[in-house]
J.: 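Below: one structure in structure tokens.
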Amino acid sequence: MSGKYEQRDKEVILVVDDNRITCEVIQRNLEIEKFLVFTAHSVNDAIQILSRQKIDLVITDYKMPKHSGLELIKYVRDHLQSISIIMLTGYGSINSAVSAIKEGADEYITKPFTDEELLNAVKTSLQKQKEKKTDPEMLYNDVWARFGIMGQSEKMLGVYSKIEKACSNDAIVLITGENGTGKELVARAIHYNHKARSIYPFIPVNCPGIPASLFESELFGHVKGAFTGAVEHRKGFFQAAEKGGLFLDEISELPFELQAKLLRVLQEKEIFRVGETQLKKVDVRIIAATNKNLDDLVEKGLFRQDLFFRLNVININIPPLRDRENDIILLAKHFVLKYAKEIGRTEPNFTDRAINALKNYSWPGNVRELENLIHRSLIMNDKDIIDSVDFPDIMKVKIHYNPYLDLSLEDMSKKYIRDVVQQTGGNKAKALEILKIDRKTLLKKIK
Ligand SMILES: Nc1ncnc2c1ncn2[C@@H]1O[C@H](COP(=O)(O)OP(=O)(O)OP(=O)(O)O)[C@@H](O)[C@H]1O
Ligand SMILES: [Mg+2]
């Protein structure tokens, strides 16, 4: 039997019992069968381990001081649906077995149990867990619970598997995607699910927000007296993120001369604080993001190729919302629920017309635009339905949107106005109503 298990990746089991001897006995038995086993002696310890470590199966005692095994089952079911659970109950306490199953345990074993009973229960539960993992609904619930990301589209599946990969190593990640697609959300998901770094800080840095003259001092820190105004030692972002993660947002906006300085740090993993000659080692995971096409910028000589190569180890491209049609409604309903709860009212339903309008719109501002739209609709009207009349006029026309079109603002606005006129079938009055501009401007722009 153990031969069969040697073929596969080790399954990971967490054993939770306040009795250390029980924990050790179970651990030993399962390790002989080639499982990887963690132990915890309280529910709080168990939750700590669950937040750091990928676990396939939890075996928990029922009666423990402070929090009971039932509370642990509740936690796992609320946060980590696809994990299997076996409850250990005292002899004759059928009531606790029933409540364990009711709360979502997959199996229970009554103490005392034989090694064989334990192993059988483990195998049955792991089999159930495998089935759950291939059930798409479960998979998405799990992604939401672990990453805080909504989306069931094929395209997002690719994103999830890359996040998963990024969580188990320290490679630099470059996240690309249009405005509002969820780049920061993905960066946080990677950090907070990283096996070692999640308990250390995640520091977001908005690159264009740092004045070039302060770049080194902000990133690497300075010592007292390094320059006028440096009245005390100050840690930079790199040191603040020690052992954790640094999120370099809008990396494309970093001035060319500073790109070389950043590259050096990424290569050497050492920094100089301003005013100091001694190098300091840094241990920081870098995640960078951009809504620009870095390839293009490299070609135009605006972004260093060597830095681009350094950053582009794991590339996660988040597709625009318009390319994830199935996610639009899912996200819309998610935001309705979120904001209805926040303002304390029951959530309204969408009319068919509203659903169509949501699906047909091009969402240039992606998920953020959708979230703002739903929030506004909930504040602006208190009906128990959301209809397309509640949406802004701009959503009534279907415009093909290409953010990478190389147009000036003036040309972009002309193109947009022409598109609207075309969409209204040349009905200028309708176009004026949608565009909210006067006739003279319209005629000038479509000339
Ligand atoms: N898949 C998703 N599920 C749930 N919420 C999402 C999702 N994608 C984005 N959001 C929400 O949309 C908003 C914008 O996301 P975020 O700030 O991560 O985008 P971004 O790509 O960094 O945007 P920008 O380019 O403008 O900086 C946030 O409120 C975020 O929580
Ligand atoms: Mg962002």
Side-chain angles (χ1 to χ4, degrees), residues 176-183 206-209 249-250 252-253 255-256 289-303 317-325 328 331-332 335 350-381 386-447:
T176 51
E178 289 174 18
N179 283 330
T181 44
K183 294 185 291 298
N206 181 30
C207 293
D249 202 4
E250 298 194 47
S252 62
E253 305 306 302
F256 202 75
T290 178
N291 54 19
K292 300 267 161 62
N293 185 336
L294 283 189
D295 253 339
D296 276 359
L297 295 183
V298 168
E299 212 155 278
K300 289 184 182 141
L302 296 170
F303 200 84
N317 178 253
I318 313 180
L321 187 58
R322 80 189 78 87
D323 291 349
R324 309 183 233 155
E325 199 182 288
I328 298 176
L331 279 159
F335 291 130
F350 291 106
T351 63
D352 289 347
R353 277 198 313 194
I355 300 254
N356 278 335
L358 292 170
K359 280 189 175 166
N360 283 326
Y361 181 52
S362 59
W363 301 109
N366 292 291
V367 185
R368 180 180 294 112
E369 186 181 7
L370 173 63
E371 179 167 5
N372 290 342
L373 172 85
I374 301 292
H375 192 184
R376 216 174 32 234
S377 315
L378 280 180
I379 290 177
M380 300 305 282
N381 86 70
I386 298 181
D387 187 39
S388 56
V389 295
D390 303 320
F391 296 151
D393 288 340
I394 180 128
M395 288 183 58
K396 292 178 189 137
V397 289
K398 188 169 185 171
I399 305 265
H400 182 70
Y401 173 81
N402 181 355
Y404 296 124
L405 268 183
D406 206 6
L407 294 178
S408 68
L409 200 57
E410 173 65 14
D411 290 342
M412 183 79 93
S413 99
K414 276 189 185 158
K415 177 173 171 9
Y416 179 64
I417 290 171
R418 281 197 202 111
D419 285 348
V420 173
V421 172
Q422 197 191 2
Q423 284 283 327
T424 55
N427 180 343
K428 294 204 183 77
K430 181 80 189 148
L432 288 176
E433 190 191 318
I434 291 172
L435 291 161
K436 296 199 173 61
I437 54 174
D438 58 47
R439 184 169 282 272
K440 228 165 86 192
T441 316
L442 179 105
L443 293 175
K444 208 166 83 197
K445 298 269 186 185
I446 59 173
K447 205 164 52 189

J.: Could you report the tightest heavy-atom contact between S252 and F303, atom names first, then the distance?
T.: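 Shortest heavy-atom separation between S252 and F303 comes out as CA-CE1, 3.9 Å.
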
J.: Mark yes when over 12 heavy atoms from residues, nucleotides or ligands other than D323 sit less than 6.0 Å from its CG; otherwise mark no.
T.: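 More than 12 within 6.0 Å, yes.
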
J.: Mark yes or no for whether K183, through its side chain, and G177, through its backbone, hold a donor-acceptor pair below 3.5 Å.
T.: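 It does hold such a pair.
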
J.: On a heavy-atom basis, which atom in P392 and which in R376 lie closest, and how many Å separate them?
T.: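 Looking at all heavy atoms of both residues, the shortest contact is CG-NH2, 4.0 Å.
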
J.: If you measure from CD1 on I318 to CG on N291, what distance do you get to the nearest 0.5 Å?
T.: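 One gets 11.0 Å once the value is rounded to the nearest 0.5 Å.
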
J.: Could you tell me which non-hydrogen atom of K359 sits nearest to which non-hydrogen atom of E325, and how far apart they are?
T.: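 Smallest heavy-atom distance, with atoms named: CD-OE2, 3.7 Å.
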
J.: Calculate, to the nearest 0.5 Å, the distance between atoms CD1 and CZ belonging to I355 and F350 respectively.
T.: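 CZ of F350 is found 6.5 Å from CD1 of I355.
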
J.: Got K445 and R418 here, is their nearest side-chain heavy-atom distance under 4.5 Å?
T.: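 Heavy-atom side-chain distance check fails, nothing below 4.5 Å.
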
J.: Using 4.0 Å as the upper bound for N to carboxylate O, is an ion pair formed by E253 and K292?
T.: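 Yes, this pair counts.
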
J.: Please report the interatomic distance CG(D296) to CG(L302), rounded to the nearest 0.5 Å.
T.: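 Rounded to the nearest 0.5 Å, the CG-CG separation comes out at 10.0 Å.
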
J.: Between CG of L378 and CE of M380, what distance do you get to the nearest 0.5 Å?
T.: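 Result: 11.5 Å between the selected atoms.
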
J.: Do the non-hydrogen side-chain atoms of R324 and T181 ever get within less than 4.5 Å of each other?
T.: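 Touching, per the 4.5 Å side-chain cut-off.
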
J.: Looking only at side chains, do E178 and N366 share a donor and an acceptor under 3.5 Å apart?
T.: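 Short answer, yes.
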
J.: Go through the steps for I394 and Y416 under the test side-chain contact (heavy atoms from CB on, under 4.5 Å), then give the verdict.
T.: CA-CA 11 Å; I394 180 128; Y416 179 64; 2.4 Å; yes

J.: Could you grab the distance from atom CD of E433 to atom CG of N427, nearest 0.5 Å is fine?
T.: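 Rounded to the nearest 0.5 Å, the CD-CG separation comes out at 9.0 Å.
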
J.: So K428 and L443, side-chain contact (heavy atoms from CB on, under 4.5 Å) or not? Walk me through it.
T.: CA-CA 9 Å; K428 294 204 183 77; L443 293 175; 4.1 Å; yes

J.: Which heavy atom of A357 sits nearest a heavy atom of F391, and at what distance?
T.: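 Result for this residue pair: CB-CD1, 4.0 Å.
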
J.: Just by distance, do the side chain of N360 and the backbone of N356 share a donor-acceptor pair under 3.5 Å?
T.: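 Side chain of N360 to backbone of N356, a donor-acceptor pair under 3.5 Å: yes, one is there.
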
J.: Between the side chains of N206 and D249, is a donor N or O closer than 3.5 angstrom to an acceptor N or O?
T.: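 Looking only at side-chain atoms, D249 and N206 do not form any donor-acceptor pair under 3.5 Å.
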
J.: For I328, is there any backbone N or O sitting under 3.5 Å from a side-chain donor or acceptor partner on W363?
T.: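 Checking the backbone N and O of I328 against the side chain of W363, no donor-acceptor pair under 3.5 Å is found.
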
J.: Taking only residues two or more places apart in sequence or in another chain, which ones pass side chain to side chain donor-acceptor pair (under 3.5 Å) with E369?
T.: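 Y361.
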
J.: Measuring from L331:CG to I374:CD1, what's the distance to the nearest 0.5 Å?
T.: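 Reported value, rounded in 0.5 Å steps: 9.5 Å.
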
J.: For residues T176 and N317, is any side-chain donor paired with an opposing acceptor at under 3.5 Å?
T.: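 Yes - a donor-acceptor pair under 3.5 Å links their side chains.
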
J.: So which atom in I417 and which in I446 form the shortest heavy-atom distance, rounded to 0.1 Å?
T.: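 In terms of heavy atoms, the two residues are closest at CG2-CG2, 3.9 Å.
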
J.: So does L373 get a backbone contact from the side chain of S377, meaning a donor-acceptor N/O pair under 3.5 Å?
T.: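 Yes: the side chain of S377 pairs with the backbone of L373.
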
J.: Closest approach of S388 and T351, non-hydrogen atoms and distance?
T.: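 Looking at all heavy atoms of both residues, the closest pair is N-OG1, 4.1 Å.
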
